[in-house]
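Read through the structure below, which is laid out as C-alpha cells, and then see the notes.
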There are 2 protein chains.
Amino acid sequence: MEITLPTFNSVFSIDCVIFGFEAGELKILLIERNQEPFKDWLALPGYIVEQDESIDDAAERILYELTGLRDLHMQQFHTFGEVNRHPQGRVITVAYYALIRINGQKDLRPITQYARKAFWHPVSELPKLAFDHSEIFETGFNKIRRRLNYQPIAFELLPEKFTLTQLQSLYEAVLNKKLDKRNFRKKMLSYGFLKELDEKQKGVSYRAAKLYKFDRRKYAKIFNNELNLDK
Amino acid sequence: MEITLPTFNSVFSIDCVIFGFEAGELKILLIERNQEPFKDWLALPGYIVEQDESIDDAAERILYELTGLRDLHMQQFHTFGEVNRHPQGRVITVAYYALIRINGQKDLRPITQYARKAFWHPVSELPKLAFDHSEIFETGFNKIRRRLNYQPIAFELLPEKFTLTQLQSLYEAVLNKKLDKRNFRKKMLSYGFLKELDEKQKGVSYRAAKLYKFDRRKYAKIFNNELNLDK
DNA sequence: AAGATACTGTGTAAAATTTACACCTTTAAA
DNA sequence: TTTAAAGGTGTAAATTTTACACAGTATCTT
C-alpha cells in the first residue's frame with residue numbers, strides 16, 4: 001500500500017555537508033531520517049527555510065535542530081535546482097559546508113523528530129543517500145579540496161593544538177594523496193602562520209611531537225596581501 | 001502618493017552577470033527596468049523561476065527574454081538569500097555568470113515588457129544598481145577573477161581568432177594589473193592549447209599580429225590531468 | 001620614396017620555488 | 001636493554017618565475 005504524501009509548491013531548503021576529522025580519517029555528518037519521503041534513509045542534515053530568516057541563519061538553525069551542533073562557521077557552496085529532485089514538490093536547496101573538530105564528548109542529538117539520530121561517517125565508503133544528497137556531498141567535497149589551498153580549512157578540522165603530522169595527514173585525507181614529510185613541513189612553516197608551542201603531545205607510546213597552533217591573525221594578513229597585492 | 005504593490009510569498013529568481021569584452025574593456029550586460037519596484041533603474045537581467053523548470057533552464061530563458069541573447073554557457077556562482085533583499089516579498093536569487101564575445105551586429109532586444117532595453121556597460125564606473133545587484137555583480141566579478149586561472153574563461157570573451165596582445169589585455173582587464181609581455185606569451189604558449197594560425201590580423205595601421213585559436217580539446221586534456229594527477 | 005608611427009616578436013640570466021630523497025633521534029613499552 | 005614507532009632534519013637538482021630592451025615590420029603621411 002502506498003503512503004499518500006502532501007505536496008507543496010516552491011520551497012527553499014538547506015542541506016549541510018559537515019566535515020570532521022578523527023583518527024586520521026575525514027568524516028561527514030549524516031542523519032537517519034525519521035520522516036517520509038526517504039524515511040529510514042541516511043541523508044545530509046537538511047530542512048526547509050522559514051519565511052523570515054535569511055538562508056545563512058536557516059543553515060545554522062537547521063543544523064542545530066537536526067544534530068545539536070551550533071556555532072559552526074558555515075559557508076554556502078552550491079544551489080541545486082532540478083525540477084524533480086524532491087518527490088513531493090519543487091524544492092530548491094542551497095548547500096552549505098562547515099568544518100569542525102570532532103570532539104568525542106560533544107553528543108550529537110537531534111532536537112526535532114525529523115531525524116532519528118545523527119552520527120559521523122567516513123567519507124570513504126559512503127552509502128547511498130536520500131534525494132540527490134550523494135551528488136551534493138561530492139560537489140561539496142570537491143569545493144573544499146580546492147579551497148584547502150587558500151582558506152584556513154585545515155585548522156578548523158584539527159584540535160586547537162596539533163602536530164605537524166596530524167596536519168599533514170589531514171591534507172592527505174582531503175587531497176587523497178601522499179605528501180612528502182620534509183617538504184610539507186618546510187612549506188607549512190614557511191608561511192609563518194603556525195605558532196610553535198612549548199608543549200608536546202601526550203599519551204602516545206612513542207616520541208612525542210611538538211604541538212603547534214594556528215595563528216589566525218597572521219594568516220589573515222598573508223591572505224589579504226595575496227588579494228590586494230597589485231604588483 | 002505611494003504606489004501599492006502586490007506582495008507574494010517565497011519565490012526563486014535568477015540574476016545574470018554577463019561579461020563581455022570590447023575595445024580592451026571588460027563590460028557587463030545591464031537592463032533598464034520597466035517595472036516596479038526600481039522602475040527605470042539599471043539592473044542585472046533577472047526574473048522569477050517557473051514551477052516546472054530547473055534553475056539552469058530558467059537562467060537561459062530569463063536571459064533570453066530580457067536581452068535576446070541565447071545559448072550562452074551560464075554557470076551558477078552564488079545564491080543570495082537575505083530576508084529583505086526584495087521589497088515585495090521573500091525572493092531568494094541564484095546568480096549566474098556567463099562570458100560572451102560582444103558582437104556589434106548582434107542586437108540586444110528585450111522580448112518581455114519588463115525591460116525597456118539591454119546594453120553593455122563597462123565594469124569600471126558602474127552606477128548604483130537595483131536591489132542588491134551591485135553586491136551580486138561584485139561577487140561574480142571576484143569569482144571569475146579567481147576562475148580565470150583554471151577555466152577557459154578568457155577564450156569565451158575573445159573572438160574565435162585573436163592575437164596574443166588581445167588575450168593579454170583581457171587578462172589585464174580582469175585581474176586589473178599589468179602583465180609582462182614576454183612572460184605572458186611564454187607562459188600561454190607553453191600550455192600548448194593555443195593554436196597558431198596561418199593568418200594575420202587585418203585592418204590595423206601597423207604591423208599585423210599573428211592570429212591564434214583556442215584548442216578546446218587540448219585544454220580539456222590538460223585540465224583533466226590536473227585533476228586526476230594523483231602523484 | 002623617405003620618414004614617422006605604432007605595435008610585433010623575441011632571449012637570457014638571476015631568483016625563487018618545488019621536488020626528490022634517507023637516516024639518526026627520541027620516547028614508551030616489552 | 002631492546003624493540004617498535006614515529007619525530008625531526010638538509011641538500012642538491014630541476015623547474016618555474018621574474019625582470020628586463022630593442023630590432024623588425026606594416027601602414028600611413030607628406
Side-chain angles (χ1 to χ4, degrees), chain A residues 21-25 148-150 154 158-159 161-173 175-213 222-223 225-227 229-231, chain B residues 21-25 148-150 158-159 161-173 175-213 222-223 225-226 229-231:
Chain A
F21 188 63
E22 194 178 44
E25 221 180 1
L148 188 62
N149 287 317
Y150 58 91
L158 291 174
K161 299 170 184 181
F162 53 85
T163 69
L164 290 178
T165 300
Q166 286 166 352
L167 182 60
Q168 182 177 342
S169 81
L170 172 54
Y171 268 78
E172 291 177 342
L175 299 176
N176 193 31
K177 67 177 171 192
K178 281 274 164 205
L179 302 172
D180 178 85
K181 183 159 70 163
R182 277 179 289 192
N183 293 338
F184 180 82
R185 284 162 181 244
K186 202 190 320 176
K187 183 136 196 216
M188 278 297 151
L189 292 173
S190 78
Y191 289 135
F193 53 61
L194 291 182
K195 194 166 154 193
E196 185 179 331
L197 301 176
D198 276 338
E199 241 178 299
K200 299 206 162 180
Q201 213 178 10
K202 282 196 178 120
V204 290
S205 72
Y206 45 80
R207 175 178 178 184
K210 276 183 207 155
L211 290 170
Y212 289 80
K213 240 175 129 168
I222 294 160
F223 184 64
N225 278 349
E226 189 197 82
L227 290 182
L229 200 90
D230 286 7
K231 218 195 285 187
Chain B
F21 188 64
E22 194 179 43
E25 222 181 1
L148 188 61
N149 287 317
Y150 59 91
L158 291 174
K161 300 170 184 181
F162 51 85
T163 69
L164 291 178
T165 300
Q166 286 165 353
L167 182 60
Q168 181 176 344
S169 82
L170 171 55
Y171 267 78
E172 291 178 342
L175 299 175
N176 192 30
K177 66 178 171 190
K178 281 274 164 206
L179 301 172
D180 178 86
K181 183 158 70 161
R182 277 181 289 191
N183 292 338
F184 180 81
R185 286 165 178 241
K186 202 189 321 174
K187 183 133 195 217
M188 278 296 151
L189 292 173
S190 78
Y191 289 135
F193 53 61
L194 291 181
K195 194 167 153 192
E196 186 180 330
L197 301 176
D198 274 340
E199 241 179 298
K200 300 207 161 179
Q201 214 177 9
K202 286 202 174 111
V204 291
S205 70
Y206 45 81
R207 176 178 177 184
K210 276 185 209 154
L211 289 171
Y212 288 79
K213 240 175 129 167
I222 293 160
F223 184 64
N225 278 350
E226 189 197 82
L229 200 90
D230 287 5
K231 219 196 286 188

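What's counted below: heavy atoms across the whole structure, side chains too, no hydrogens, waters or symmetry copies. Residue numbers begin at 1 in each chain, while the letters A, B, ... track the order of the sequences.
In terms of heavy atoms, A:G24 sits closest to A:S169 at CA-OG, 4.4 Å.
Regarding A:Q168, its CD atom lies at a distance of 13 Å from the P atom of D:dA6, rounded to whole Å. In this structure, A:K210 places its NZ atom 12 Å from P of C:dT26, rounding to the nearest Å. If you measure from atom CE of A:M188 to atom P of D:dG8, you get 16 Å, rounded to the nearest angstrom. Regarding B:L167, its CG atom lies at a distance of 13 Å from the P atom of C:dG9, rounded to whole Å. To the nearest angstrom, C1' of C:dT8 lies 13 Å from CG of B:L211. Following rounding to the nearest Å, A:E172 (CD) and D:dA6 (P) show an atom-to-atom distance of 13 Å. Nucleotide D:dT17 holds its P atom 13 Å from the CG atom of B:L179, rounded to whole Å. Atom pair A:K178:NZ and C:dA20:C1' shows a separation of 17 Å (rounding to whole Å applied).
The side-chain hydrogen bond (donor to acceptor under 3.5 Å, both in side chains) search around A:E172 returns A:Q168, not counting sequence neighbours. Residues satisfying the side-chain hydrogen bond (donor to acceptor under 3.5 Å, both in side chains) test with A:D180, not counting sequence neighbours, are A:N183. Residues satisfying the ring pair (Phe, Tyr, Trp, His ring centres under 6.0 Å) test with B:F193, not counting sequence neighbours, are B:F155, B:Y191, B:F214, B:Y219. For A:Q201, there are no side-chain hydrogen bond (donor to acceptor under 3.5 Å, both in side chains) partners at least two apart in sequence or on another chain.
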Tell me which donor-acceptor pairs under 3.5 Å the side chains of residues 202-212 of chain A have, and how far apart each pair is, sequence neighbours excluded?
| unit_1 | atom_1 | unit_2 | atom_2 | d |
| --- | --- | --- | --- | --- |
| A:K210 | NZ | A:E196 | OE2 | 3.3 |

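Phosphate proximity of C:dT18 to A:K187: present, with a side-chain N or O under 4.0 Å from OP1 or OP2. Look at A:R185 and you won't find any side-chain N or O under 4.0 angstrom from OP1 or OP2 of D:dT9.
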Item to complete: Could you run through nucleotides 20-30 of chain D and give me one letter per nucleotide, 5' to 3': B if any protein heavy atom sits under 4.0 Å from the base, S if only the sugar-phosphate is that close, - if neither?
Response: BB--BBBSS--

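With respect to A:L170, the side-chain contact (heavy atoms from CB on, under 4.5 Å) criterion is satisfied by exactly one of A:T165, A:L148, A:L158: A:L158.
Heavy atoms of B:T165 sit under 4.0 angstrom from primed sugar atoms or phosphate atoms, though from no base atom.
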